[in-house]
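All values below come from the heavy atoms of this structure, side chains included, with hydrogens, waters and symmetry mates left out. Position 1 is the first residue of the sequence; numbering continues from there.
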Amino acid sequence: MALMMVPNVLMWAASAIAAVWKIAQLVRAPQDKGLRVVAVCTVLVFIALSAQLAISVPVMSGLFPEQSPKLIQNVILTFFFALLIVLLQSAASPETVGSRGRIEVALALLTSGALVATFVATSPAVRGASYEDANGHAGVLAFYLLGNLYMSYATARGAYLAWTTAGQTQSRARLSLRVAAAGLVVNCLGTHMPRVVSTSGRLAIDRDPLPGTETWTTPFLAIGIVAFFLGIGYPGARTGIVKARLWFEMRRHYRQLRPLWIAVCGQFPNIALFPPTSPIREAFQVRHMRLRYYRRVIECRDGLVCLSPYIAEPVDSATSPAQQAELVRDALARSSQGREPVSAASVIAAPAVPGMDADTNELLVLSQTLDRLT
């Protein structure tokens, strides 16, 4: 039983992550109509899979009358795929979305009505039984035949539209749509169509043409759903990975600048927006990293400008980082002792080319060299 629940848990976890992520995106861009439809779709499939997971748990299944979550799950899935097909139709062929949209909604309503009627007509003793326990019960078999017939159509149609839309897309979303289409194909060919053949045979000739569909089709369903959500989530996940990499890089540079920043802020405290903290406390600072990083770069440069009159020797491109670190250390000592400036202002750690990246790289080299020196 526990092993059979693993695919259901994986599907539910994928849908939960996708739903939370799409809702978070929708909060930031509430006017995006396409995103609104996708968010609704992911929430619907999350609700449907939550109902499926609930009836898989013996303790939870007793809380629902007559296994109604199975009916709720299938009805929600029909409208989920109706919305998904309308969304993909609007992207693949906008001029036909009106007529096709009405057909898809009508088909979803018809399927849902047939599912409800079959569910009600089934004997209460077996009503809402799982697909694994459907054998020998005509009402249950008819219920799953109707559901899988619609899902076979919906996944095939959705895969076709997703692949067509991918061919019309020039951005990175092309790969995303093709992965989603592949996931729908796996669901169609690996789960829904075999179950249609199996339930049809058991209803018509009281024999299963494809034995074991209750066992081997479930992993295909899990693989297809996970692939579908990976496809939908690929652009956002890629953006998230890039942002995370930039965040870690900024945090690393932020901490590498600390020796130089502490040195100049200790001598010129007015240049710091945020007061210095201990290294341990700084290690736990995770918010506003971009602001903190750029402020530290600016404050390091401001501190060097304030310190430059105390540099004993002129600094140019031939001065090595080690020599500059020595000059900075001596200038800090001279400034802290209250001595008079000894030279005209000179640029310390001057970048060879214009741009903030080049400037930051010079500051990083100077900070690390100064840290080793002190």
Spacing of [atom1] belonging to [X] relative to [atom2] belonging to [Y], to within rounding of 0.5 Å:
X	Y	atom1	atom2	result
Leu203	Leu141	CG	CG	4.5 Å
Thr111	Leu146	OG1	CG	7.5 Å
Thr369	Gln324	OG1	CD	9.0 Å
Cys300	Arg295	SG	CZ	11.0 Å
Ile271	Asp302	CD1	CG	6.0 Å
Glu326	Leu370	CD	CG	9.5 Å

Start with the C-alpha gap between Met151 and Asn187, add the side-chain angles, then the distance that decides, and say whether side chain to side chain contact (heavy atoms under 4.5 Å, CB included) holds.
CA-CA 9 Å; Met151 292 300 294; Asn187 283 344; over 6 Å; no

If you count heavy atoms of other groups shown closer than 6.0 angstrom to CZ of Phe220, is the number above 12?
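Not more than 12 within 6.0 Å, no.
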
Are the side chain of Ser200 and the backbone of Val197 linked by a donor-acceptor contact shorter than 3.5 Å?
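Side chain of Ser200 to backbone of Val197, a donor-acceptor pair under 3.5 Å: no, none is there.
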
What pairs of residues pass the salt bridge (Lys or Arg N to Asp or Glu O under 4.0 Å) test when at least one of them lies in residues 265-290, not counting sequence neighbours?
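Of all non-adjacent pairs touching residues 265-290, those that pass salt bridge (Lys or Arg N to Asp or Glu O under 4.0 Å) are Arg258-Glu282, Glu282-Arg296.
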
According to a hydrophobic-cluster definition based on side-chain heavy atoms being under 4.5 Å apart (Ile, Leu, Val, Met, Phe, Trp, Tyr only), do Trp216 and Leu189 belong together?
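Different clusters.
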
Return the set of residues passing side-chain contact (heavy atoms from CB on, under 4.5 Å) with Leu109 (not counting sequence neighbours), or none when no residue passes.
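Listed in chain order: Phe79, Val105.
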
List, one per line, each side-chain donor-acceptor pair under 3.5 Å for residues 240-252, sequence neighbours excluded.
unit_1, atom_1, unit_2, atom_2, d
Trp247, NE1, Val286, O, 3.4
Arg251, NH1, Gln285, O, 2.4
Arg251, NH2, Ala283, O, 2.1

Any heavy-atom pair between the side chains of [Y] and [X] that's under 4.5 Å?
X	Y	answer
Leu307	Phe268	yes
Arg195	Tyr144	no
Leu260	Leu304	yes

